[in-house]
Amino acid sequence: MKKINIAIDGPSGAGKSSLAKKVAKELDIIYVDTGALYRTIGYYAKQKGLTFENITEVVDLLDEIKLDLCYKEGVQAVILNGDDVSDHIRTSEISMYASAVSAIPEVRSFLLDTQRDIAKEHSVIMDGRDIATVVLPDADVKIFLTADPKKRAERRYEELKAKNPDISFESVYNDMVTRDKNDSTRAVAPAIKAEDAILLDNTTLSEEESVKEALRIIFEKVGKYEVL
Ligand code: DC
């Protein structure tokens with residue numbers, strides 16, 4: 001079977017991770033969630049007492065950070081200095097920290113090799129913001145997944161409400177709009193569609209329909225029998 005690298009970029013709440021997980025299962029390849037790496041750096045910054053005002057000081061802490069990704073039955077875990085932090089990095093607060101650290105060039109270059117090394121060794125579907133433009137510019141397939149902002153906020157709200165019943169839709173929507181703006185207007189590796197990426201807008205699609213459409217795009221690009 002041919003090695004294949006698939007890049008999925010797009011704003012938060014577009015459903016990148018659910019889609020990528022399902023496609024990974026279908027093709028029997030690894031799903032790499034790169035947002036988890038930025039979240040882990042954000043988590044570390046918060047643990048060390050940094051705030052949004054002095055967040056750039058995280059650059060001085062990078063030497064202390066050892067990050068590893070490991071996979072158990074297709075599920076990714078992030079190991080920060082020996083501890084599995086996967087369960088601590090999914091809060092709204094850490095989302096904002098992740099977005100803040102992700103605008104710092106030194107943080108981006110610190111995480112680049114970790115991402116590229118996995119794709120060099122394995123067939124992967126990797127999701128993020130700059131996978132097609134920076135991390136894997138030679139990816140076999142590039143998809144930019146997006147949806148209407150209200151729809152994306154609704155999905156994120158449902159997800160977060162399960163863990164935190166007091167959360168309001170307005171706060172989720174406002175955080176999402178702020179994060180989209182930070183991520184798409186930053187100077188380094190902004191979250192934009194690569195010229196050669198295929199746009200997949202899933203506003204009116206069910207999860208199942210999005211997966212079907214993504215698989216159709218992938219098979220059209222690389223040929224079904226080359227990857228299955
Ligand atoms: O995909 P996510 O919500 O877990 O990502 C968290 C933050 O990390 C997001 O606001 C932007 C940043 N990020 C990035 O800049 N580049 C990536 N490849 C992945 C995430």
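When a residue number appears, it is its place in the shown sequence, counting from 1. Both counts, for ligands and for their atoms, begin at 1 and track the order of listing.
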Enquirer: Give the numbers and elements of all ligand 1 atoms closer than 4.0 Å to a heavy atom of S102.
Expert: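 Reading through ligand 1 atom by atom, the close ones are 11 (C), 12 (C), 15 (O).
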Enquirer: Would you say the side-chain atoms of N5 and R116 include a donor-acceptor pair closer than 3.5 Å?
Expert: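 Short answer, no.
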Enquirer: Using a 4.0 Å cutoff against the non-hydrogen atoms of S99, which atoms of ligand 1 qualify?
Expert: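 Taking each heavy atom of S99 in turn, ligand 1 has 10 (O) under 4.0 Å.
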Enquirer: Among protein heavy atoms, which lies nearest atom 4 (O) of ligand 1, and at what distance?
Expert: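 Result: R39 NE, 2.6 Å.
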Enquirer: Considering only the protein, which heavy-atom contact is closest to atom 6 (C) of ligand 1, and what is its distance?
Expert: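 That would be R179 NH1, 3.5 Å.
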Enquirer: Any nitrogen or oxygen of K16 lying under 3.5 Å from a nitrogen or oxygen in ligand 1? Just yes or no.
Expert: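 No, there is no polar N/O contact under 3.5 Å.
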Enquirer: To check your reading of the model: name the closest protein heavy atom to atom 16 (N) of ligand 1, its residue, and the distance in Å.
Expert: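 In this structure, atom 16 (N) of ligand 1 has R108 NH2, 3.0 Å as its nearest protein heavy atom.
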Enquirer: Can you see whether T178 engages D175 through a side-chain donor-acceptor pair at a distance of less than 3.5 angstrom?
Expert: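 No donor-acceptor contact under 3.5 Å links the two side chains.
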Enquirer: Is the closest basic N to carboxylate O distance between E207 and K22 below 4.0 Å?
Expert: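 Here E207 pairs with K22 in a salt bridge, since their nearest N and O are under 4.0 Å apart.
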Enquirer: Do any nitrogen or oxygen atoms of S95 come within less than 3.5 Å of a nitrogen or oxygen of ligand 1?
Expert: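 No, since none of the N or O atoms of S95 sits under 3.5 Å from an N or O of ligand 1.
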Enquirer: Just checking, any donor-acceptor pair under 3.5 angstrom between side chains of E64 and Y44?
Expert: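 Yes.
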Enquirer: What is the closest protein heavy atom to atom 11 (C) of ligand 1, and at what distance does it sit?
Expert: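 Ranked first by proximity to atom 11 (C) of ligand 1 is D183 OD2, 3.3 Å.
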Enquirer: Considering only protein heavy atoms, which is closest to atom 8 (O) of ligand 1, and at what distance to one decimal place?
Expert: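 In this structure, atom 8 (O) of ligand 1 has Y38 CB, 3.5 Å as its nearest protein heavy atom.
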Enquirer: Taking the side chain as every heavy atom from C-beta outward, state whether R155 and E158 have any atom pair closer than 4.5 Å.
Expert: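 Side-chain contact under 4.5 Å: no.
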Enquirer: Would you check whether R129 has a nitrogen or oxygen atom less than 3.5 angstrom from a nitrogen or oxygen atom of ligand 1?
Expert: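 For ligand 1, there is an N or O atom that lies under 3.5 Å from one belonging to R129.
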Enquirer: When D130 is tested against each of K193, K142, R108 for salt bridge (Lys or Arg N to Asp or Glu O under 4.0 Å), which residue passes?
Expert: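 Only one option passes, and that is R108.
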Enquirer: I'd like to check whether D33 has a polar contact with ligand 1, where a contact means an N/O of the residue lying under 3.5 Å from an N/O of the ligand.
Expert: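 No, D33 has no N/O under 3.5 Å of an N/O on ligand 1.
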Enquirer: Give the residue and atom name of whichever protein heavy atom lies nearest to atom 19 (C) of ligand 1, and the separation in Å to one decimal.
Expert: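 Answer for atom 19 (C) of ligand 1: T34 OG1, 3.4 Å.
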Enquirer: Indicate whether any N or O donor in one side chain lies under 3.5 Å from an N or O acceptor in the other, for D127 and S17.
Expert: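 Checked: D127/S17 side chains show no N/O donor-acceptor pair below 3.5 Å.
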Enquirer: Could you see which bit of M176 sits under 4.0 Å from ligand 1, with heavy atoms only: side chain, backbone, both or neither?
Expert: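 It is neither; nothing of M176 touches ligand 1.
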Enquirer: Mark up the atoms of ligand 1 that fall under 4.0 Å of a heavy atom belonging to A98, in ascending order.
Expert: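 Numbered from 1, ligand 1 contributes 6 (C), 7 (C).
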Enquirer: If you measure from the Lys or Arg side-chain nitrogens to the Asp or Glu carboxylate oxygens, is any gap between D9 and R129 under 4.0 Å?
Expert: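 No, this pair does not count.
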Enquirer: Do the non-hydrogen side-chain atoms of F169 and E154 ever get within less than 4.5 Å of each other?
Expert: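 F169 reaches E154 side chain to side chain.
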